[in-house]
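Chain identifiers are assigned alphabetically (A, B, ...) following the order of the sequence lines, protein sequences preceding nucleic acid strands; residue numbering begins at 1 within each chain. Worth saying up front: this structure is predicted, and the values here are computed from it rather than measured. What's counted below: heavy atoms across the whole structure, side chains too, no hydrogens, waters or symmetry copies.
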Amino acid sequence: MAGNRTGRDTRKGAGPLGNSPDQTLKIVIVDESEIRAAILKEGLREAGYVEVIHISEMTNLLDRIYKIDPDVVLIDLENPSRDVLEQMFQVSRIVRRPIAMFVDQSDTASIQASVDAGVSAYIVGGLQKDRIKPILDLCISRFNAFSNLQQQLDVAQSALTERKVIDRAKGILMTEKNLGEEEAYALMRRAAMNKNMKIVEIAQSIVTAAEMLK
Amino acid sequence: MTNARRLRIGFIPLADATALLVAVDKGFTAEEGLDVDLVREVSWSNMRDKLNIGLFDAAHLIAPVAIASSLGLGHVKVPIVAPFGLGINGNAITVSPALYEAIKAVADGDIVDPMVSSRALAKVVAARKSRGEEPLTFGMTFPFSTHNYHLRFWMAAGGVDPDEDVRLVVLPPPFMVDSLANRHVDGFCVNAPWNSIAVDLGIGHILHFVSEILLRAAEKVLAVRQKWADDNPDLLLRLTRAHRRAAEYVEQPNNHEAVATILAAPDRIGVRAEVILRTLDGKLKVSPQGAVRESDRYLLVGRAAAARPDPAQAAWLYAQMVRWGQAPLSREMLAQAKAVFRPDLYDAAMSSVDRMPDSEPKDHIGAFAGPAFDPDDIAGHLAAWKIPRQ
């Protein structure tokens with residue numbers, strides 16, 4: 001199915017093992033997240049892969065990929081267009097070079113790790129397993145790093161939102177009940193303890209009520 | 001068995017996940033002592049992989065993917081079994097207003113008849129070719145999908161070679177409508193609610209319900225790994241029973257509104273309940289001008305033994321894989337494909353026998369073209385067609 005590739009470096013797919021990564025391997029990253037793609041791209045560049053191209057636009061994906069003619073395609077699992085890549089498994093008129101999903105059947109841990117991290121790798125034209133393994137491992141670690149970052153960001157974001165709500169509720173109490181800042185906060189904390197709720201929940205209901213009574 | 005057993009089940013936001021979604025959200029699974037975590041997925045590839053490696057205990061899966069996985073086609077070989085059919089029919093073919101008019105203009109008869117529309121499509125395709133225009137492009141959801149086979153079966157009957165005369169491309173269902181709007185495709189075959197959404201936006205005509213092409217077409221199944229089924233017979237029995245009760249609930253017409261409301265939730269299918277209701281009622285607006293077509297076969301969830309896995313359906317799907325070059329023809333593979341659909345597991349969960357009524361097609365398929373289907377004679381089925389030329 002792989003077929004011979006003409007006009008390109010024939011050493012590909014049969015290169016020597018254990019050397020530094022083959023700099024001529026062309027890698028495509030299909031990801032709608034610019035930040036994650038940038039992190040991954042940087043990682044691959046640092047590891048010596050120079051030809052890394054990011055596709056963020058999903059329309060006509062197949063054509064975009066064919067124009068680049070990559071050796072490896074990486075795609076995030078949140079991307080519905082993963083099914084589009086599966087079409088490239090088939091040999092047909094519109095599929096010029098069949099690809100395969102990279103699965104090392106002898107290594108279930110690595111399949112699990114890649115699904116957990118949320119990335120999948122497709123190889124073009126029968127590229128050897130040991131040439132793609134380091135790329136996939138790198139993806140997995142970068143994807144995990146990204147989701148940790150995302151989590152930290154989410155936590156920071158929600159802390160910020162909570163702080164804003166509490167401040168608004170405090171302001172409402174201060175105006176409506178003529179309280180000082182500390183008293184207003186103490187009042188909310190007491191209500192939260194009595195009702196077994198979080199301060200932010202009490203604050204939110206004050207804000208909502210105030211909006212309705214406007 | 002006092003503690004509820006936790007199960008993770010994947011689904012794609014489509015109307016044929018109805019029995020699964022209702023089984024969970026109406027509490028039928030809870031009554032069976034199952035604590036189900038529904039996980040919304042974005043692609044069939046993800047679904048297959050997560051089921052295969054055990055991240056999901058069960059999945060809402062297009063029937064051909066379950067078969068392909070069991071046969072090791074295109075991917076790792078992992079035997080899958082289906083104890084419950086999530087629906088018969090439910091797909092439709094939608095085309096752009098331009099293609100609709102083109103087909104209508106050259107049609108020799110009423111294009112509600114799929115043979116008339118298919119022959120008309122062949123004329124449109126030939127005319128485009130003679131003018132040196134780009135071939136028409138049709139969207140479908142996956143290489144191993146009913147949508148792929150339904151489109152191919154329909155167009156090939158009228159003389160269109162799906163591999164030579166048109167382009168068939170995979171598109172994720174949520175992208176179908178956009179692709180039709182921006183003219184990346186001229187038509188598509190997809191499940192509800194996407195056809196109705198295209199019609200409502202004024203950018204598509206529903207040309208055919210799939211039930212016009214095949215009276216009975218197995219669509220999605222409740223899929224589990226064979227190994228999981230072997231290891232958890234009791235859980236499987238309870239899960240199947242909960243689905244059966246959900247399907248019976250769905251099939252009561254006075255429950256349709258409640259069902260549509262469940263499915264419309266943002267974390268389920270996430271479209272307006274009214275759009276889903278059309279599918280359940282089998283009353284679909286088919287043209288932007290407002291024409292409505294009705295069918296009592298648009299989507300069968302539990303009636304007419306639709307939920308009972310039928311090995312003849314598996315054989316038909318395998319025959320399409322062979323016809324279109326995805327699988328070799330072999331007796332072993334046919335047997336393996338049939339073994340994916342497990343009426344015995346379904347029957348074990350039933351209190352009464354659920355058999356197909358006599359009014360249903362004798363060959364279990366009821367195709368609009370070609371001879372009756374014989375699940376034991378795939379070669380005969382293939383010999384009946386001019387396309388593809390083997």
Side-chain angles (χ1 to χ4, degrees), chain A residues 1-2 30-33 57-66 73-96 98-123 129 136 140 143, chain B residues 12-13 40-56 62 65 68 72-78 135 137-145 147-148 161-176 178-179 181-185 321 324-327 388:
Chain A
M1 291 249 290
V30 180
D31 196 337
E32 283 170 306
S33 160
E57 176 60 48
M58 297 302 130
T59 48
N60 279 343
L61 181 60
L62 225 51
D63 284 347
R64 289 172 200 274
I65 292 174
Y66 281 135
V73 182
L74 303 166
I75 186 165
D76 70 287
L77 296 191
E78 294 153 30
N79 199 325
S81 292
R82 209 189 141 197
D83 283 348
V84 176
L85 292 186
E86 301 263 332
Q87 183 170 17
M88 298 170 74
F89 290 7
Q90 315 275 311
V91 187
S92 79
R93 203 174 61 109
I94 62 160
V95 176
R96 275 164 274 164
I99 67 169
M101 186 180 157
F102 174 72
V103 265
D104 184 354
Q105 291 208 47
S106 60
D107 185 5
T108 41
S110 118
I111 300 175
Q112 186 98 36
S114 99
V115 172
D116 280 345
V119 63
S120 178
Y122 290 81
I123 51 180
K129 196 165 81 180
L136 188 62
I140 291 170
F143 261 65
Chain B
I12 298 265
R40 192 157 109 153
E41 259 307 333
V42 297
S43 71
W44 294 114
S45 327
N46 281 6
M47 195 77 95
R48 173 200 60 202
D49 293 351
K50 291 184 181 179
L51 183 65
N52 284 356
I53 65 176
L55 275 182
F56 289 156
I62 351 181
V65 175
L73 298 174
H75 200 59
V76 194
K77 180 170 178 165
V78 177
T137 304
F138 288 87
M140 43 86 175
T141 59
F142 202 69
F144 297 101
S145 71
H147 318 93
N148 187 13
D161 186 325
D163 290 311
E164 292 296 325
D165 301 333
V166 296
R167 274 196 294 241
L168 289 182
V169 296
V170 169
L171 278 176
F175 297 171
M176 289 280 180
D178 274 352
S179 300
N182 59 30
R183 296 169 166 256
H184 285 302
V185 297
M321 293 176 185
W324 305 116
Q326 292 179 324

Practice problem: Heavy-atom distances under 4.5 Å only: say whether A:Ser81 touches chain B with side chain, backbone, both or neither. | Solution: both
Quiz item: Is chain B contacted by the side chain of A:Val84, its backbone, both, or neither, given a heavy-atom distance below 4.5 Å?
Solution: both
Quiz item: When rounded to the nearest 0.5 angstrom, what is the spacing between CD in A:Gln87 and CG in B:Leu171?
Solution: 8.5 Å
Practice problem: Identify the heavy atoms of A:Pro80 and B:Ser43 that sit nearest to each other, and give their distance. | Solution: O-CB, 4.0 Å
Quiz prompt | Shortest non-hydrogen separation from B:His184 to A:Thr59 and the atoms involved | solution = NE2-CB, 4.0 Å
Practice problem: Report, as yes or no, whether the 6.0 Å neighbourhood of atom CZ on B:Arg40 holds more than 12 heavy atoms from other residues, nucleotides or ligands. | Solution: yes
Are [X] and [Y] packed together at the side-chain level, in the sense that at least one heavy-atom pair is separated by less than 4.5 angstrom?
{"X": "A:Asp116", "Y": "B:Leu55", "result": "yes"}
{"X": "B:Val170", "Y": "A:Glu86", "result": "no"}
{"X": "A:Arg82", "Y": "B:Asp49", "result": "yes"}

Quiz item: Who among A:Asn60, A:Asn79, A:Asp83 has the most heavy-atom pairs with chain B under 4.5 Å?
Solution: A:Asp83
Quiz item: Where does B:Thr141 contact chain A at under 4.5 Å (heavy atoms): side chain, backbone, both or neither?
Solution: backbone
